[in-house]
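Input: a single structure, listed below in structure tokens.
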Protein chains: 2
Amino acid sequence: MASDTRQRLIDGALETIRRDGIAGTSARTIAATAGVNQALIFYHFGSVGTLLAEACRRATEERIDHYRDQLAGVASFDELLDLGRRLHAEERELGNVAVLAQMLAGAQRDESLAPAVAGALRLWIAEIERVLTRLLADSPLAGVIDLPGLATAISAAFVGIELYDGVDAAASGNALEALRRLAVLIEIADELGPVATRLLRRRLAARDRRRSETAPYRKKSPR
Amino acid sequence: MASDTRQRLIDGALETIRRDGIAGTSARTIAATAGVNQALIFYHFGSVGTLLAEACRRATEERIDHYRDQLAGVASFDELLDLGRRLHAEERELGNVAVLAQMLAGAQRDESLAPAVAGALRLWIAEIERVLTRLLADSPLAGVIDLPGLATAISAAFVGIELYDGVDAAASGNALEALRRLAVLIEIADELGPVATRLLRRRLAARDRRRSETAPYRKKSPR
DNA sequence: GTCTATAGTAGGATAGAC
DNA sequence: GTCTATCCTACTATAGAC
């Protein structure tokens with residue numbers, strides 16, 4: 001059946017990139033993994049890049065669907081980071097973040113892959129941003145923190161940590177735990193409320209003022 | 001001259017991986033970029049992987065030497081993040097972080113590359129950790145924050161952001177700026193001193209207590 | 001839709017002349 | 001140390017039989 005072969009190829013592509021990395025992924029290795037004739041990749045998808053793009057899209061949508069309810073139920077930064085920990089553990093077992101990372105590496109020069117990977121990451125970023133926005137809805141921090149930027153940073157950090165995990169698993173685990181501890185700072189700042197926000201705003205303004213000067217760094221000069 | 005050819009190959013390898021990514025890097029493309037005969041790669045390095053590993057090591061050492069003085073001069077988190085911004089901009093121009101990211105992607109299944117890339121990243125992490133340790137030397141936060149883990153997270157985040165930059169440059173810029181704003185939280189927490197630290201410790205303890213229970217999340221129950 | 005066969009290219013690596 | 005020439009393998013992609 002046609003759709004069955006398509007699905008086998010998509011699954012095979014994901015498993016291959018997971019196992020061999022982007023540098024070891026080819027029409028032949030994918031077909032062998034999928035147990036399908038190599039020529040069928042070109043019949044169904046036209047090129048290897050198109051197959052990878054499609055696989056990236058499908059895999060991401062599936063995973064996000066899987067976590068949507070849990071993301072919607074997150075009620076604090078602590079819970080968000082705890083979900084991040086579980087998500088990291090689960091996806092690492094499945095190898096989905098690794099797939100995204102490998103595709104991201106491959107997309108740097110493959111223009112057929114770039115938009116698909118960018119789109120996949122944007123899906124994750126949008127989900128995270130939604131949670132952040134909800135968590136900080138009533139917080140004075142909302143106006144100070146750049147939510148889309150922070151969501152992007154979190155996603156990118158996940159990808160980087162996953163890549164680093166491939167060469168030093170112990171160290172990458174520590175990195176994630178350190179971030180979780182750090183996130184508690186946001187909660188505390190949030191609870192301190194107006195006090196922290198005022199400090200934060202003042203601090204950011206002072207820094208921007210320094211930046212606009214030509215002179216090198218100098219201590220806070222109240223003007 | 002022998003050492004001249006070796007150097008040309010190392011430079012050529014870096015430029016190739018920068019331009020074509022790990023998936024497009026081969027003995028032939030490297031040799032063409034370096035303007036050197038392809039067979040010389042195997043004469044001088046034995047294999048492409050060995051050449052890449054050597055290039056990774058050399059490039060990292062060179063860049064760290066370049067920044068060592070600036071890292072040593074950092075006197076605040078604000079300055080550290082500002083250095084991070086400049087470093088990101090400079091290295092992106094030169095493509096050095098991209099090289100590290102591509103090698104990291106390639107190292108997932110290339111066991112001759114993995115130790116070299118892991119070592120290179122450890123050099124960066126060690127430098128960052130040194131600065132963090134110095135900045136927090138007299139701070140009560142030092143005992144709460146996991147410095148090696150945080151240094152690892154920062155390095156990994158840099159790599160992830162650089163990869164994301166390849167498919168969405170605008171978004172990755174926002175991510176870095178968001179992190180800088182967030183880092184101000186640490187400075188503020190540091191200045192609040194004992195107050196923040198006590199809050200932080202209490203919060204972390206509360207979280208660990210919750211974790212050890214089988215029940216799902218429940219609001220702070222003062223016991 | 002799926003197969004075999006194959007064209008044409010690019011890959012790692014080596015032998016041997018210079 | 002550097003070159004040419006070459007082997008063999010793997011790659012993308014297509015043509016054509018079934």
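Proteins come first, then strands; the chains are lettered A, B, ... in the order of their sequence lines, and each starts at number 1.
At whole-Å resolution of the value, CZ in B:Phe45 and P in C:dT14 are 16 Å apart. Taking atom CD1 of residue B:Ile41 and atom P of nucleotide D:dG1, one finds them 16 Å apart after rounding to whole Å. We find that CD1 of A:Ile30 is positioned 16 Å from P of D:dA10, with the value rounded to whole Å. Distance A:Phe42 CZ to D:dT14 C1': 9 Å, rounded to the nearest Å. Put simply, CD1 on B:Ile22 is 13 Å from P on C:dG11, counting in whole angstrom units.
In this structure, CG in A:Asp110 is found 12.0 Å from CG in B:Asp20, a value given to the nearest 0.5 Å. One finds the CG atom of B:Leu150 at 9.0 Å from the CD1 atom of B:Ile128 (value rounded to the nearest 0.5 Å). For the atom pair A:Ile22 CD1 and B:Ile22 CD1, the distance stands at 11.0 Å (nearest 0.5 Å).
The nucleotide whose nearest atom lies closest to any side-chain atom of B:Ser47 is, among D:dA13, D:dG1, C:dA13, C:dA13.
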Subject >> Evaluation steps, salt bridge (Lys or Arg N to Asp or Glu O under 4.0 Å), between B:Arg58 and B:Glu62 >> reply: CA-CA 6 Å; B:Arg58 294 276 281 274; B:Glu62 195 237 324; over 6 Å; no
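Looking at residues two or more places apart in sequence or on another chain, you find a side-chain hydrogen bond (donor to acceptor under 3.5 Å, both in side chains) between B:Ser172 and B:Asp165.
In plain terms, the two heavy atoms of B:Leu104 and A:Tyr164 that are nearest each other are CD2-N, 3.9 Å.
For B:Arg57 and B:Glu54, the salt-bridge test passes: some basic side-chain N is under 4.0 Å from an acidic carboxylate O.
Side-chain N/O atoms of A:Thr5 include one lying less than 4.0 angstrom from OP1 or OP2 on C:dT2. Look at A:Ser26 and you'll find a side-chain N or O under 4.0 angstrom from OP1 or OP2 of D:dC11.
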Taking only nitrogen or oxygen atoms into account, show me every contact under 3.5 Å that the protein makes with nucleotides 3-9 of chain C, one pair per line with its distance.
residue : atom : partner : partner atom : Å
C:dT4   : OP2  : A:Asn37 : ND2          : 3.1

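Residues from residues 98-112 of chain B with heavy atoms under 4.0 angstrom of DNA chain C: there are none.
Place B:Thr29 and A:Tyr43 on DNA chain C by their nearest nucleotides, and A:Tyr43 ends up nearer the 5' end.
Put simply, the side chain of B:Arg134 gets close to the backbone of B:Ala72: a donor and an acceptor are under 3.5 Å apart.
B:Arg6 forms a cation-pi arrangement with B:Phe45, by the criterion of a distance under 6.0 Å to the ring centre and an angle within 45° of the ring axis.
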